[in-house]
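Inspection log for the structure reproduced underneath, given as structure tokens.
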Amino acid sequence: MKPRGIVFKLFVANLIFYIVFFAAVVAGHFWFFERFYEHERTSDLGKKLASFASDYTQQKWVAEKTPTVMGSFITQNHVQMAILSKDGEVRYDNPFRIQIHTDTGQPLSIAVSFFPDISSLTAYGLQPGDRITVQGEYYAEQGHSLFSPYVIHKKGSPAVGTLPNNANKDRVIELNGTIDSLLLPAAGQWNNREGIMAAALKVWFPLPQEYNDQVNRGEAIHIEWKEPVSGVHNLVFVQPILRNGEVVEYLFALTPLTQLGEAFGALEVYYAFFSITGGLLLIVVLSFLFSKLVSRPLLELNRNAARMAKLDFSAISSIHSKDELGSLSESLVSLSSNLDRTLKELQLTNEKLVLEMEYKSRMEELQKRFVSDASHELKTPISVVKGYAEGLLDQIAENKRERYIRTILREADRMEKLVLDMLELTRLEAGAVKLHQALFPVDQLALESVEKMEQLAKAKQMQIQIQGDRNIHAWADAEKIEQVLLNYLSNAIRNGAKGNIIQMHIQYDIEKDQVCIAVENEGPTIAESELSLIWDRFYREEDARSRQAGGTGLGLSIVKEIMQLHEQAYGVMNTPSGVKFYFTLDVPRE
């Protein structure tokens with residue numbers, strides 16, 4: 001079967017997309033959306049009314065506060081609501097009021113449900129504490145006397161409302177007072193005493209028998225109802241209020257559907273207009289988008305080919321169509337993948353060869369350096385041993401034999417220590433040493449190191465003191481760190497003044513999570529120009545590191561390699577009385 005061309009695919013896809021899209025949108029709007037919205041509105045309001053009835057039954061607020069709570073509910077949910085007895089008698093239905101204290105000191109409740117210009121009153125900006133003058137008359141409700149206003153005047157603002165022409169002027173009263181509290185309906189909210197609520201109560205109460213039986217079983221009802229005079233469609237809710245399992249009152253509510261219908265009517269006109277006039281524009285837009293869709297794979301193939309020409313074979317195409325472009329894309333991807341894999345294998349092999357050559361070169365350099373250093377450093381002790389041995393062969397005086405033998409043994413010990421240090425340093429520089437890191441107590445390791453150097457210190461009448469923080473645990477190779485401490489201590493003993501005190505400081509830095517260990521001795525300082533050189537192998541500073549002091553010249557080089565292996569700081573500084581060597585270690589958080 002001959003594959004379809006790209007132009008045909010675009011035409012069919014464009015046509016199908018346009019038809020399906022508009023058909024789904026229009027059908028969904030005309031057939032489903034209005035009913036869906038009405039269902040959601042009914043379900044949501046029913047749940048809220050049930051919750052209100054439950055709170056009212058459980059007396060979660062005092063009875064005097066019921067009108068205020070009802071007013072908040074009416075305002076938030078845009079409904080009309082009343083609490084009725086089982087006989088349909090209204091118990092609460094007029095929550096919107098202004099509470100004032102008159103100038104005579106009497107509290108007064110002003111019912112605003114009958115106010116002629118309720119929208120202006122809502123926007124009037126009344127607040128507790130405002131001084132107002134009210135013209136109106138009294139009427140009775142639920143055993144209470146309420147004041148119904150005609151005109152309200154706030155000090156410093158124009159009055160709102162007008163006195164009706166048919167008002168009984170003998171009953172009209174003017175009062176002055178200060179607002180204590182107020183609850184006003186939301187803008188555009190219907191008056192539950194004017195028209196619709198009263199009409200609904202007359203129609204629905206007493207409840208028809210079929211609804212009465214359902215409500216008496218504790219089940220709420222909601223019905224769509226058309227008010228016969230105005231023709232307004234409403235949703236009517238009757239929510240039973242239960243106490244001890246019996247229905248004692250009803251929560252009656254209604255919300256208009258007229259505004260919803262008008263909105264949907266306007267939307268229907270809009271969709272009809274859009275589907276005709278907007279369809280042409282949509283076709284142009286879709287044609288442009290699909291032309292971009294066609295050109296995009298060609299541009300991507302061109303970019304991939306250009307990258308391959310520059311030996312960049314990492315490009316991966318996202319074209320997966322079943323036409324000629326898709327076939328070409330798959331071929332390019334396969335070629336690019338194979339070339340990329342081959343190139344990476346060659347690069348990896350080359351990197352390994354480079355590393356091996358570098359390692360071989362470094363090993364050869366280390367071997368040459370070891371032989372050179374060993375021959376240079378061993379030349380003097382070998383000459384000494386050879387000279388004293390020849391003296392022994394020449395049968396020197398008996399009183400010199402013991403001194404010659406001790407000198408030979410001392411030089412042999414020096415050569416042994418030198419060779420061991422050189423081997424250790426060479427292993428460190430070659431990366432052949434692996435760290436065995438673990439947590440260890442720093443002060444305990446310091447104490448053990450001091451004990452090992454105690455005899456050497458006593459020989460020079462020195463004391464070693466440990467100061468600073470205790471119970472600090474660091475993360476490192478304890479054996480290598482002890483080697484660092486022993487090198488620092490032996491260096492301090494060799495170069496320190498006779499009879500002085502060597503201080504070892506342990507200081508924990510909580511911000512950096514590090515501990516700093518320092519060894520400080522009294523004695524000659526090191527020239528500032530020499531401080532960076534003393535870490536080089538076989539470097540000897542005339543006063544501080546002379547051969548006569550007994551050092552091999554490798555101790556500080558070993559320290560440098562160990563600390564670099566730990567990736568920690570180390571260093572040396574002159575002090576007013578001598579020299580201080582230091583290094584740091586990480587302290588893990590608990």
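Bear in mind the structure is a predicted one, so any value in this text is a computation, not a measurement.
- Closest of all the heavy-atom pairs between A569 and M563 is O-CE, 4.2 Å.
- Side-chain N/O atoms of N234 and E224 include no donor and acceptor closer than 3.5 Å.
- Considering CD of Q209 and CG of L207, their distance stands at 9.5 Å, rounded to 0.5 Å.
- Put simply, the side chain of I517 does not reach to within 4.5 Å of the side chain of H505, judged on heavy atoms.
- Using a 4.5 Å heavy-atom cutoff, the side chains of N471 and V442 are not in contact.
- Put simply, the side chain of Y124 gets close to the backbone of K154: a donor and an acceptor are under 3.5 Å apart.
- Residues V515 and D469 have side chains not in contact (no heavy-atom distance under 4.5 Å, counting atoms from C-beta outward).
- Two residues are said to be in side-chain contact when any heavy atoms from C-beta on lie closer than 4.5 Å; V248 and L242 fail this criterion.
- Remark: the Q568 side chain and the T584 side chain contain an N/O donor-acceptor pair separated by less than 3.5 Å.
- Put simply, the side chain of D213 never gets that close to the backbone of E210: no donor and acceptor are under 3.5 Å apart.
- Two residues are said to be in side-chain contact when any heavy atoms from C-beta on lie closer than 4.5 Å; N176 and R131 meet this criterion.
- T57 places a side-chain N or O within donor-acceptor distance of the main-chain N or O of A53, the cut-off being under 3.5 Å.
- Under the 3.5 Å distance criterion, the side-chain polar atoms of N216 are matched with a main-chain donor or acceptor of N212.
- Relative ring orientation between Y250 and F205 is described as tilted, the plane-to-plane angle lying within the 30° to 60° band.
- Side-chain contact between F252 and W204 is present, with at least one heavy-atom pair separated by less than 4.5 Å.
- Heavy-atom minimum distance, V134 versus P149: CG1-CB, 3.6 Å.
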Would L254 and L235 satisfy side-chain contact (heavy atoms from CB on, under 4.5 Å), going step by step from the backbone distance to the final call?
CA-CA 5 Å; L254 72 158; L235 281 175; over 6 Å; no
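- Side-chain contact of S109 with Q99: a donor-acceptor pair under 3.5 Å is present, judged by distance alone.
- The closest side-chain heavy-atom distance from F237 to V79 is not below 4.5 Å.
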Full working for side-chain contact (heavy atoms from CB on, under 4.5 Å) between Y508 and D513:
CA-CA 7 Å; Y508 174 52; D513 291 325; 3.6 Å; yes
Evaluate I83 against I241 for side-chain contact (heavy atoms from CB on, under 4.5 Å), listing each step before the verdict.
CA-CA 9 Å; I83 297 178; I241 299 175; 4.3 Å; yes
Step-by-step side-chain contact (heavy atoms from CB on, under 4.5 Å) determination, H101 to L108
CA-CA 6 Å; H101 263 84; L108 176 64; over 6 Å; no
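- When all heavy atoms of L49 and L251 are compared, the closest pair comes out as O-CD2, 3.5 Å.
- Under the 4.5 Å side-chain criterion, counting only non-hydrogen atoms from C-beta, V215 is in contact with I221.
- Using modelled atom types, one side-chain atom of D477 and one backbone atom of H436 make a donor-acceptor pair closer than 3.5 Å.
- By the 30° and 60° cut-offs, the orientation of the rings of F73 relative to F52 is tilted.
- Going from atom CD1 of I100 over to atom CG of D130 covers 11.5 Å, rounded to the nearest 0.5 Å.
- Taking all atoms of both residues into account, the shortest heavy-atom contact from P240 to A220 is CD-CA, 3.8 Å.
- Distance check, rounded to the nearest 0.5 Å: OG1 of T178 to CG of D180 gives 7.5 Å.
- The two atoms that bring P588 and H473 nearest to each other are CD-O, 3.9 Å, heavy atoms only.
- Residues satisfying the side chain to side chain contact (heavy atoms under 4.5 Å, CB included) criterion with P128, sequence neighbours excluded, are L182.
- In Q58, the CD atom is crowded: over 12 heavy atoms of neighbouring residues, nucleotides or ligands sit closer than 6.0 Å.
- Residues in residues 214-223 take part in these salt bridge (charged side-chain N to carboxylate O under 4.0 Å, His left out) pairs, two or more places apart or across chains: R217-E219.
- Applying the side chain to side chain contact (heavy atoms under 4.5 Å, CB included) rule to L348 yields the partners E351, K352; only residues at least two apart in sequence or on another chain are considered.
- Note: I472 CD1 to C516 SG = 12.5 Å, rounded to the nearest 0.5 Å.
- Looking at every heavy atom in both residues, H153 comes nearest to A159 through CD2-N, 3.6 Å.
- Applying the 6.0 Å contact sphere to CD of Q507 captures no more than 12 heavy atoms from other residues, nucleotides or ligands.
- Rounded to the nearest 0.5 Å, atoms OG (S43) and NE2 (H222) are 8.0 Å apart.
- A donor-acceptor contact shorter than 3.5 Å links the side chain of D509 to the backbone of E511.
- Annotation: the span from L445 atom CG to F440 atom CZ amounts to 5.5 Å, rounded to 0.5 Å.
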